[in-house]
Amino acid sequence: MAMYEPIRGHDEEEEKKKRGVECCSGDVDVDVVVDDVEMAIHSRSSASATSKIEDEEGSKQRRLHQHQPSPKPQSQRLVSLDVFRGLTVALMILVDNAGGVLPAINHSPWNGVTLADFVMPFFLFIVGVSLALTYKKLSCSTVATRKAIVRTLKLLILGLFFQGGFLHGINDLTYGVDIEQIRWLGILQRIAIAYLLTALCEIWLKGVDNVNSGSSLLRKYRFQWVFALMLTTLYLFLLYGLYVPDWEYQIPIKASSSAPKMFSVKCGVRGDIGPACNAVGMIDRKILGIKHLYRRPVYARTEQCSINSPDYGPLPSDAPSWCQAPFDPEGLLSSVMAIVTCLVGLHYGHIIVHFKDHKDRIFHWMITTSCLILLGLSLDLCGMHLNKVLYSFSYMCFTAGVAGILFAAIYLMVDVCGYRRLTLVMEWMGMHALMIYIIAACNIVPVVLQGFYWGRPQNNILRLIGIGS
């Protein structure tokens, strides 16, 4: 703890005043006064010389301090947030590489939630928390908006390059993409859209109320909650209210010059949430075009479409016509609820900004978390199933609540109890999440390594270690 010394000279002045009062009240010794005057004359000359020396030394020190760079203020990062982000990156790498070996941890073919289905909501939740900390003190809203738009464009460009089909993956040394078939949406694109809208909410839809309780926190950010409610209402209205007509798609026949094979899917329903006739897929087909959607849909692993379900496999003899139809898991309508997940993370970040006591933060987090999980599970029991592909409202509530529990636990362990050494690797991964995602999840390293081969392209280091064989 810092120790503060009393101000020098203050006590001496008080003593001088007391001595002056005593001299005035008592008899004055003339000899003492003469001696004091003589000493003052001699000391004044010596003091002037001494003061000149001190002034020269002080000026030298001031010049040295002016040339020395001032220490930069250390930015206080929320370590638990970096750890949570790193843990999510590690989870993503695990399910991407082990999902084929262990289908139980791979994405659910349709309804239900597996380990892999938490990765996207966790990333969106973390983005929301980060935005609350980033924009807690705004100097200029216009400048902040411009920077948010620039960051969004960077993410969109990266997403188009790495997930639009430009790189052809393992076992293919070619590159390039037909603009007529480029995939417009993907993971980075969804994060970019959620980031932009959440950032704009935090910049422009913020009240001026003072926060000293949970109710005052809701009042301060009431316009953001209204926006989240509007998005949820829009999603539910379109999902259950749009009429889905019959539709067709075609698949080119490999190694053949014949015309592509045409498939027809019978729908003519409203409010269906199955793989074939849901409004999420219809909106993507109408707006984006079926040629721009993901060509390996997750529902191809259902029992109706794969004899190796829950893994990919050959089609059963009685497979329905929609099994091979393109479907984008990061579609337009499903991204609406992804934005709401980001707004939920923003609320958790607001609790960090306005409540400084650890107990208060954890208490408010647990209230929100409990409500979200109970609501999600209740909706699932009532028929609104947990579905990652559609990003159902129940799925949003449940996964955001689980993200809140995990974040609170990491915060308690790292920032409150100080167990930081145990999570140094995850912290480093969280601070370099985008770089690791591009290298690991987008197959950049395998694509580069397979470019070095001997004799023919099949003889590369990846085949040697059993990758891509």
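Here the two rings, on W110 and H385, have centers that are 6.0 Å apart or farther. Not less than 6.0 angstrom separates the ring centroid of F407 from the ring centroid of Y348. Centroid-to-centroid, the aromatic rings of F227 and F223 stay 6.0 Å apart or farther. A ring-centre distance under 6.0 Å is found for W322 and Y299. You'll find the ring centres of Y221 and H354 inside the 6.0 Å limit. Not less than 6.0 angstrom separates the ring centroid of Y235 from the ring centroid of F393. Between Y411 and H358, a ring centre-to-centre spacing shorter than 6.0 Å is recorded.
Seen from the ring of Y312, R301 counts as a face-on cation partner, given the 6.0 Å and 45° thresholds. Within the cation-pi definition used here (under 6.0 Å to the ring centroid, within 45° of the axis), R85 does not qualify as a partner of F125.
The closest donor-acceptor contact from the side chain of Q181 to the backbone of H292 lies at 3.5 Å or more, if one exists at all. Using a distance-only test at 3.5 Å, with no hydrogens or angles considered, no donor-acceptor pair links the side chain of S306 to the main chain of T302. At least one donor-acceptor pair under 3.5 Å links the side chain of D117 to the backbone N or O of T114. Looking only at distances, a side-chain donor or acceptor of R361 sits under 3.5 Å from a matching main-chain atom of F355. Although no hydrogens or angles enter the test, the distance criterion places no donor-acceptor pair under 3.5 Å between the side chain of T341 and the main chain of A400.
At least one side-chain heavy atom of F84 sits under 4.5 Å from a side-chain heavy atom of I126. Inter-residue side-chain proximity for V244 and R285 is flagged as met; some heavy-atom pair is nearer than 4.5 Å.
Scanning both residues, L138 and A144, for their nearest heavy atoms gives CD2-CB, 3.7 Å. The shortest non-hydrogen separation linking S141 to W204 is CB-CH2, 3.6 Å.
Atom NZ of K291 has 12 or fewer heavy atoms from other residues, nucleotides or ligands within 6.0 Å. Other residues, nucleotides and ligands place more than 12 heavy atoms under 6.0 Å from the CE atom of M366. Other residues, nucleotides and ligands contribute only 12 or fewer heavy atoms inside 6.0 Å of the CZ atom of F237. Counted within 6.0 Å of NZ on K359, heavy atoms from surrounding residues, nucleotides or ligands total 12 or fewer; the atom is thus considered open. Within 6.0 Å of the CG atom in N210, the count of heavy atoms belonging to other residues, nucleotides or ligands does not exceed 12.
Note: W247 and Y249 have tilted aromatic rings, judged against thresholds of 30 and 60 degrees for the angle between ring planes.
N387 and N111 share a side-chain donor-acceptor pair at under 3.5 Å.
The residues R421 and E427 are annotated as not salt-bridged, no charged nitrogen and carboxylate oxygen being separated by less than 4.0 angstrom.
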Checklist entry - Step by step, would you call D209 with R222 a salt bridge (Lys or Arg N to Asp or Glu O under 4.0 Å)? => result CA-CA 10 Å; D209 308 65; R222 57 188 177 274; 3.4 Å; yes
